[in-house]
Every structure is written in C-alpha cells, then in structure tokens.
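Report on one structure; see the data block that follows.
These values consider heavy atoms only, across backbone and side chains, with no hydrogens, waters or symmetry-generated copies. Bear in mind the structure is a predicted one, so any value in this text is a computation, not a measurement.
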Amino acid sequence: VIPGWFSEISPMWPGEAHSLKIEKILFQGKSDYQNVMVFQSSTYGKVLVLDGVIQLTERDECAYQEMITHLPLCSIPNPKKVLVIGGGDGGVLREVARHSSVEQIDICEIDKMVVDISKQFFPRVAIGYEDPRVTLNVGDGVAFLKAVPAGTYDAIIVDSSDPIGPAQELFEKPFFQSVANALRPGGVVCTQAESIWLHMHIIEGIVSNCRQIFKGSVNYAWTTVPTYPSGVIGFMLCSTEGPPVDFKQPVNPVDENDSSNGPLKFYNSEIHTAAFCLPSFAKKVIDSK
Ligand code: AAT
C-alpha cells in the first residue's frame, strides 16, 4: 500500500490493484451493508468506494452508466416501464430519464447511505432522482423482484456491485428467473457482468443460466471504464420470448434535444453495435454455452 494512494485490492482480481492518488478523503462511514468512502482523486474527480471497490468516478462514470442504460433501452421501441436494481447513486436513473417514452422508473437499492452520499457528493449523478417518474425503494433487489407481478416491465437494468457482499444473489440463477418473470414478452434485461480479462468463469456461468431462462436472445457486450478492474466491464443483455429483439441493431435512438441532463458523453449508435464484438477468446467461450 502506497501512502496517500487508494489501491483497489480484492480477491476478485488477485495479484493486481489499480491505484489512484488521493487529494482528500471526503467521507468514511459504515452502513448496515458495507463500508462507504468518498475521496477526491488527483485525476478522476470524486470517487465512490464500497467495501474497498470503486463504484464510480466523476470522470469515467459516463462510460458505464450510459452503456448499461442505452444498450437495453435503445434496443426496443417505446420502453415505458423500467426497473433499476442497485444503482443507488442515481446515474442510471439520469440516463433512463433521457428516454421520453418512459413513464415509470422504479429503483430498488439496498443501501440508503449510497443514495444520501451520492446526493451530497455527486450532484451530477444523483440528479437522476429529480425526475418525477422515479420511485425509490430501499431494500434487497432479490426480494423486490420476487414480489413484482409477471410481465410488469419493458426493461430491467441490474446495476449491481460485484458478487462478494450484498450483491451475491444478483448473479445467481433464481434471480435471473425472477427477472424473466417480471419482464413482458419481448422485454429486455441488462446486467453488470464483470470483465472478460478477469472473470471468464463467472461470465460462463451467467451465460449458461441465461440461455436456459431467456428464450429470446442472449448476448454479451462490453465497454471500457479505466477505473474498473482491468479497465473493461461487460453486460449481459437478454430478451424474453415474444417480439424478437436484435440488440446489435439499435432501433430507438436517445433524443439528444432533450438535454436537461447534459449531452451524452460516451454512447452513440456505432459504439452500441461495436459493443457486441468480442475478442476471439471470449467469443469462443460465450458462443459455446
Ligand atoms: N452505478 C455505480 C455502479 C455500481 S453501484 C452498485 C450498487 O448496487 C450499490 O449502490 C450497492 O449498494 C447496490 N446493491 C448491492 N447489492 C444489492 C442488492 N442485493 N439489492 C439492491 N442493490 C444492491 C456497480 C459497480 C460495479 C463495480 C465493478 N467492479
């Protein structure tokens, strides 16, 4: 550990640790679920850390939040009801709100402290909560989804932390079954699905579960996020049986004239299609499942 630097050390990426220089620690606390820290970094703006793992930085959060949101929402016409699991910082809400067809945005975040801290330190992220279509539920996403009537949502976005800690069940088969049940026919889900460089074994498991559960299409996409482990992170995108969804061909562009949340910084339709192109080593494993 280098004095004055934050190093992201975890058994999920043994033998490596990305580091950021700390200018100032702004908050340190412990919620019922995890340790919460915010610091000012020298080069990535403010950083939110949960249990020692970086959740977002001001500089590169756009790459993650825009992709996890617009990959699913731009793949179907007229999404109306959207559910976000996790994502308590509000960044995904901010992105969902760019879609004028959306009428209802529900979010289920387990940790109220993440919501409060985001409102205090990350106003350009937490701005997502200001949209009147948003309803916040504080609780476990697993339990919340079990109680959702079948066929409720057009899209579900699972902006979850890593599978060590409160998010563990969000990577397991019964959770994906509740997601499929809560979606309408031809509805879509996008889940945080880790790194092709570090977690091929986890991805393999998710893909094989999803192929059994989602009878529409099952795809893996990825993006670059410099402050996430290995600098990339992926998403599992699936649709339920019903009107077919071709995730690689976006049909529902973001309306950039409605720019109350500022312009898009990362997402465009070319990068949408490109996100589904996989390096050969990953393609081989994912296609074989
Ligand atoms: N948008 C920032 C990126 C995140 S945030 C993940 C959120 O999921 C956290 O706020 C966490 O409190 C919440 N969460 C964890 N478990 C649950 C649960 N069971 N139900 C509801 N919310 C939950 C993801 C960062 C990815 C990091 C990659 N290394």
Side-chain angles (χ1 to χ4, degrees), residues 31-34 36 48 50-51 53 55-56 61 64-65 67-73 79-99 102-119 122 125-184 187-194 206 209-210 213-214 233 235-238 240:
S31 72
D32 292 343
Y33 299 95
Q34 49 209 348
V36 180
L48 173 65
L50 299 177
D51 282 345
V53 176
Q55 305 293 302
L56 64 84
E61 54 93 7
Y64 176 78
Q65 327 257 34
M67 291 296 271
I68 198 173
T69 307
H70 303 307
L71 289 176
L73 294 189
K80 289 191 170 67
K81 292 188 179 186
V82 180
L83 172 66
V84 179
I85 300 288
D89 52 85
V92 170
L93 301 175
R94 178 193 68 201
E95 295 306 318
V96 175
R98 292 182 192 274
H99 290 264
V102 171
E103 295 165 358
Q104 179 183 331
I105 311 172
D106 296 335
I107 175 168
C108 180
E109 160 64 50
I110 203 167
D111 195 343
K112 179 75 167 35
M113 192 181 279
V114 174
V115 179
D116 295 338
I117 286 302
S118 184
K119 287 180 177 171
F122 299 90
V125 178
I127 191 175
Y129 284 102
E130 287 171 28
D131 191 284
R133 294 166 290 179
V134 171
T135 306
L136 169 64
N137 303 270
V138 175
D140 181 10
V142 176
F144 182 90
L145 260 178
K146 276 189 197 145
V148 171
T152 300
Y153 293 103
D154 298 292
I156 298 177
I157 297 167
V158 187
D159 177 13
S160 131
S161 31
D162 299 317
I164 296 184
Q168 191 186 328
E169 284 185 66
L170 303 180
F171 289 80
E172 292 169 1
K173 195 170 177 183
F175 175 74
F176 285 99
Q177 255 145 359
S178 333
V179 168
N181 181 61
L183 286 171
R184 63 145 165 97
V188 293
V189 60
C190 180
T191 74
Q192 193 271 87
E194 302 297 351
I206 301 175
N209 285 337
C210 287
I213 293 167
F214 293 95
I233 197 157
F235 309 105
M236 204 63 225
L237 285 127
C238 308
T240 52

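A donor-acceptor contact shorter than 3.5 Å links the side chain of S31 to the backbone of Y33. With hydrogens and angles disregarded, a donor-acceptor distance shorter than 3.5 Å links the side chain of Y129 to the backbone of G88. Put simply, the side chain of R133 gets close to the backbone of V102: a donor and an acceptor are under 3.5 Å apart.
With sequence neighbours left out, the salt bridge (charged side-chain N to carboxylate O under 4.0 Å, His left out) criterion links E194 to no other residue.
Side-chain contact between V84 and T69 is absent, with no heavy-atom pair separated by less than 4.5 Å. Inter-residue side-chain proximity for I206 and F176 is flagged as met; some heavy-atom pair is nearer than 4.5 Å. Contact check for L237 versus V188: no side-chain heavy atoms found under the 4.5 Å cut-off. For the pair Q65/D89, a side-chain contact is recorded, criterion being any heavy-atom separation below 4.5 Å from C-beta on. Side-chain contact between L48 and I117 is present, with at least one heavy-atom pair separated by less than 4.5 Å.
In this structure, CD on Q104 lies 9.0 Å from CG on L83, to the nearest 0.5 angstrom. Rounded to the nearest 0.5 Å, atoms CG (L73) and NE2 (H99) are 4.5 Å apart. The line from SG of C108 to CD1 of I85 is 5.0 Å long, rounded to the nearest 0.5 Å. Within the model, atoms OG of S178 and CD of E172 stand 11.5 Å from one another, a figure rounded to the nearest 0.5 Å.
Of all heavy-atom pairs spanning D162 and F171, the tightest one is C-CE1, 4.1 Å. Summarising the geometry of A97 relative to D131, their closest heavy-atom pair is CB-OD2, 3.5 Å, with the distance given to 0.1 Å. Scanning all heavy atoms of the two residues, the minimum distance from I68 to Q192 falls at CD1-N, 4.1 Å. Nearest heavy atom pair, residue L183 against residue F214, reads CD1-CE2, 4.3 Å. A pairwise comparison of heavy atoms in A180 and I213 identifies CB-CG2, 3.6 Å as the closest pair. A pairwise comparison of heavy atoms in S160 and L170 identifies CB-CD1, 3.5 Å as the closest pair.
More than 12 non-hydrogen atoms from other residues, nucleotides or ligands lie less than 6.0 angstrom from CD of Q177.
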List the atom pairs, donor and acceptor, that lie under 3.5 Å between side-chain atoms in residues 151-159 and the rest of the protein, sequence neighbours left out.
unit_1, atom_1, unit_2, atom_2, d
T152, OG1, P149, O, 2.5
Y153, OH, D106, OD2, 2.6
D154, OD1, R184, NE, 2.6
D154, OD2, K80, N, 2.9
D154, OD2, K81, N, 2.8
D159, OD1, Y64, OH, 2.6

Distance-only criterion, 3.5 Å: show the donor-acceptor pairs between side-chain atoms of residues 135-146 and protein atoms not counting sequence neighbours.
unit_1, atom_1, unit_2, atom_2, d
N137, ND2, I107, O, 3.1
D140, OD1, V142, N, 3.2

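For the residue pair D111 and Q34, a side-chain donor N or O sits within less than 3.5 Å of a side-chain acceptor on the partner.
K119 has no carboxylate O lying under 4.0 Å from a charged side-chain N of E130, or vice versa, which leaves the two without a salt bridge.
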Checklist entry - Can you list the steps and then say if E61 with Q55 is a side chain to side chain contact (heavy atoms under 4.5 Å, CB included)? => result CA-CA 9 Å; E61 54 93 7; Q55 305 293 302; over 6 Å; no
